[in-house]
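The structure under discussion appears below in the form of structure tokens.
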Amino acid sequence: MNVVFRALVSTVLCHAVCATALAQGFTPEEAVKRMTVADGFSVKLFASEPDVRQPVSMTFDERGRLWVIQYLQYPHPAGLKALKVDRYLRTVYDKLPEPPPNGPRGVDRITILEDTNGDGRADKFKDFINDLNLTTGLALGHGGVFVLQSPYLLFYPDRDGDDIPDGDPEVCLTGFGMEDSHAFANSLTWGPDGWLYGAQGSTVTANIRGITFQQGIWRYHPLTKEFELFAEGGGNTWGADFDQHGNMLAGTNYGNHAMLHQVQGGYYVKSFGKHGPLQNPHAYGFFNHVPHSNFKGGHVTIGGVVYQADSFPERFQNQYIAANVLSNAIYWHTIERDRSTLKNDFGGDLLLANDTWFRPIDCAVAPDGSVFIADWYDERANHVDPRDDWDKTNGRIYQLVADGTQPVKPFDLAKLTSLELVELLHHKNDWYGREARRILAARRDPAVIPPLKKLVLESEDDDLALRAFWMLYVSGGFNDALAEKLLEHRSEDIRTWVIRLLGDTKQVSPVLHSRLLSLASTDTSPTVRSQLACTAKRLPGEQALPIVREMLKQNADLDDPHIPLLLWWAVEDKAAVDRDLVLDLLAEPEAWKQPLVRKMIVERLAQRYAAAGEEADFESCARLLAMAPGPEETAMLIRGMEKGLQGSRRNTVPQALQQPLAKLWEQGTPDPTLIRFAIRLGSKKARDEAMRQVVDNTTGVKTRLLLLQVLGQVGREEDAAQLLALLNDQTPAAVRGGVLQALQRFQSPEISRTVLQRYPAMSAALKSQARGLLCSRVAWAGELLKAVDAGKIPAKEVPNDQLQKIAFHKDESLNELIEKHWGRVVGGESPGDKAAKVHGIAVSVKLKAGDPLKGKELVVKTCLVCHTLHGEGKAIGPKLTDFDRKNTRFMLMNIVDPSAMIRKEYFMYTVITIDGRSVSGLIADSTPTTITIVDAKDQRTVIARDEIDEMVQQEVSLMPEKLLDGFTAQQVRDIVAYLQSDPPQPEKQDTSGE
């Protein structure tokens, strides 16, 4: 019986009868009474079960009525049979469903809610459409209703406005991914430009008109029928809105962040190990979330809106209000400019439910300026378990109201004249202006163009001028002559949007191109320059690259969060189709001196051509080397080309690079970067030089490690003997560690014999590496276990995670030796033993407090080698900061039995190579040519995809079992105390001036 279990058994027996928290789940009226809201606010119940259940998305129509999707079919589509489910719950179905009305009928519905007597409570409910099958988005406009039902974007016409579809839906788009219903396309939102925008989540793959993507923001134009991927990446996005400048803000499931600022053509952070690389393999960078200070709550922030009305106090104007599902709360976040993008701070609590069943999904600003909240209402928020045990009997819609909010009288904006709709631009609640714009986008009434143009050109209110410009554009009043004038407008937002809309034409007139070129060198606004870079990517090379050339000269943009990468993406987009024009950017030596060129272009361009790997690309590499004005620039190119060649194996140097490489080689002793580059090109001379430097003790340790790394990826079998000779006391320990890592590639039986011979004299760290090496092949693992069996290596030195790696070989003789010395290595303790241990620790923690300061020391040594908490540690496993740490039993169960309920993306993979090597760990990185496996000790192994024979999912955690064994009961309490502690809050500066 281990130390912890012994210490806790008596505690458990003495306190066998313990009070448990009452299960929550309240009536709608009780739930409202439990809520805590910010001063000056109140909560009203607008609708609830049985009239509304599982509300997931909502919007108001031109009469102020609320349209709600009741997502009752979730999580499995009706009428389809699951053939295969992977570790991320991605499901392969037996067929592609037909669109309604011929496809399978589900139980989702779109319901119109109306308060007919003005008492603040919905009393009329009418289904616009039912029998839907996993419907995740709706938008009203153009004489009907747009509906997202993956794989389709549908349009239900209702020209007469009687709330009954005129007929079967039109299929606007086909191809949205439907492998995982918690990540379906969602959040239909009208953009200021009249496009219909939407999001798609993380674990589905769309293929729409030849455009493939896993996650991102897309858009569809209802008049031109065009479809575009607006921005790629960003996580499992749910919820999108536009701020007063027209910036698109999207929700996120990433902890410590509240939103993404999605810019046109941008690439955003993904869980690359889980979802693979970006669709563009040459992006070579991505944008992260909007930086957030003082973040509070769980890691899912969704359904957000930018508050642009007059009912709430002034401090909420243009700030972000969003739902935090895991914290059962509605928070607000400040939004500030950060050069061309944004930054956030936690504003405060708006609504705390004090009810763990409160699951806010969506927010919407109402015509009276209040905020409506869709509450899924369920005990369960975790979608990892695929069982359909969700509570579909309930759901609520709440109204968050500021004191003094006045109800609005009945209205119907559709009955207003076009000129009356224009007047709504002056309304203090932007909802009215947006609705007016939506209606006018369908009318295309030329009568509104003169007054709108006058507002744009003459209004002294820049915000009003911008809203008028958007309305003018969707009404058909934008042309080149107006664009030329507005590129000189004093409002940076108007200049930005003119540039964006010109980019949508994909080509501009010579006059407008000249104006854009001038702005690239003279405009002082970061937002304008950011959009110039976005638009340049959309224009043909002969128009785009002169703009880029001018922007690359602007040192003010060097540290901007967005502009440098946007410029690279504009260049990369033309790298193959306009190769000569791209290379001409570097034709003059002066260009190489520009900081932006050195920081963002030189190395990436070299990498991009080397990675493409065709003869024309190697010729481009040779041209770059010939143009390089000096050794520093040459070194930058070589670094980039070496990166681009990772994962490739060549036997001969490409003809185009033979002479340039020979010239470089003759310039003195080659440095490690040049050697690595030449090895990957296929140079035998370089491999020989690498080995010479590796075995030479006068070579610096850093250089030896760099060369060992590449030899471990592309070395020859005959190199093994020389590497083994380095496992002696005269070789620095760091180099011996590099040798042990590199030897994984080779197969010689001498490796296991030599390593075991040297093993007794190794340090503990090297022994661990040596065992990891020996575990990787069946024969070597056999030698290791025989050494244990013979008493040469103590059994206690081999930890459980390494025994698991050996067990993955599924070799009978190996398993017999494991059973003989260690018993069962996977799930060794029975479920009952683990449950008792969890209960005992939970009781112990409840009876006596732990010391979080002492606990931090222990957590750093045990947990933070793989996890991060409060910004410290390594990000190998899930972030503990985002974990449900306050739930003591849930947390302890995950520590004691880490494989019992593991997030699928953290299952281990065992990769079997074609030469019989086995490497186990998480997928840390994935490119078109390589994967990187990381183990619990943060040791990373790069494997070329063409070397992989099999990848086997191991449904066990990388985290070892029995992690708490050996700690005293008090130490365990200390560990729990620190794991459950809140992040330190920075001291607020006194800005009072006193």
Side-chain angles (χ1 to χ4, degrees), residues 603 606-607 610 631 634-653 657 660-662 664-748 750-751 754-755 758 765-766 769-770 772-773 776 917 919 929-930 932-933 938-944 947:
E603 189 172 313
Q607 181 179 354
T634 299
M636 293 165 66
L637 292 172
I638 292 172
R639 281 197 302 272
M641 293 178 199
E642 197 262 329
K643 288 180 182 177
L645 290 167
Q646 286 193 20
S648 67
R649 291 193 308 280
R650 302 183 58 88
N651 295 318
T652 57
V653 178
L657 286 172
L661 181 61
L664 290 168
W665 205 263
E666 292 166 1
Q667 292 176 357
T669 303
D671 66 17
T673 305
L674 176 58
I675 297 171
R676 286 166 60 104
F677 167 55
I679 289 173
R680 295 191 190 279
L681 277 178
S683 168
K684 180 180 182 302
K685 181 187 294 186
R687 288 198 298 271
D688 292 340
E689 177 62 22
M691 187 58 66
R692 185 192 70 76
Q693 292 196 29
V694 162
V695 301
D696 185 352
N697 274 334
T698 65
T699 304
V701 169
K702 184 177 179 181
T703 295
R704 297 170 83 179
L705 290 175
L706 286 170
L707 297 177
L708 281 167
Q709 187 181 67
V710 72
L711 290 173
Q713 296 173 27
V714 296
R716 301 160 297 181
E717 194 62 38
E718 56 266 32
D719 296 335
Q722 288 181 279
L723 295 178
L724 282 171
L726 293 173
L727 295 179
N728 58 66
D729 294 341
Q730 285 71 48
T731 303
V735 175
R736 281 182 280 165
V739 168
L740 291 169
Q741 174 75 358
L743 286 170
Q744 288 189 40
R745 174 174 179 77
F746 306 99
Q747 303 179 58
S748 169
E750 280 299 317
I751 292 175
T754 303
V755 169
R758 299 285 188 182
L766 286 176
Q769 273 193 277
L773 168 64
S776 65
R917 178 170 44 138
V919 181
T929 56
T930 66
T932 301
I933 300 293
D938 202 21
Q939 185 166 305
R940 295 171 184 260
T941 303
V942 179
I943 306 172
E947 291 184 342

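Index from 1, following the sequence.
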### Task
Under the side chain to side chain donor-acceptor pair (under 3.5 Å) rule, collect the residues that match up with R650, sequence neighbours excluded.
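By the side chain to side chain donor-acceptor pair (under 3.5 Å) rule, R650 matches no residue at all.
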### Message
With heavy-atom distances below 4.5 Å as the criterion, would you say the side chains of P631 and Q667 are in contact?
### Response
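Sidechains of Q667 and P631: no contact.
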Give me the atom names and distance for the closest heavy-atom approach of [X] to [Y].
X: V735; Y: L705; answer: CA-CD2, 4.1 Å
X: I675; Y: A686; answer: CG2-O, 3.6 Å
X: L743; Y: A720; answer: CD2-O, 4.3 Å
X: L766; Y: A733; answer: CD2-O, 3.8 Å

Is the side chain of [X] donor-acceptor paired with the backbone N or O of [Y] at a distance under 3.5 Å, no angle test?
X: R917; Y: Q744; result: yes
X: E717; Y: S748; result: yes
X: T930; Y: G647; result: no
X: T699; Y: Q693; result: yes

So, taking the atom named [atom1] in [X] and the one named [atom2] in [Y], what distance separates them when rounded to the nearest 0.5 Å?
X: T673; Y: I638; atom1: OG1; atom2: CD1; value: 7.5 Å
X: Q713; Y: R649; atom1: CD; atom2: CZ; value: 10.5 Å
X: L708; Y: M691; atom1: CG; atom2: CE; value: 7.5 Å

So, are [X] and [Y] salt-bridged, with charged N and O less than 4.0 Å apart?
X: D719; Y: R716; result: yes
X: D688; Y: R692; result: no
X: E947; Y: R745; result: yes

### Query
What salt bridge (charged side-chain N to carboxylate O under 4.0 Å, His left out) pairs are there with at least one residue in residues 635-648, not counting sequence neighbours?
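Listed by first then second residue: E603-R639, E603-K643, E642-R676, E642-R680.
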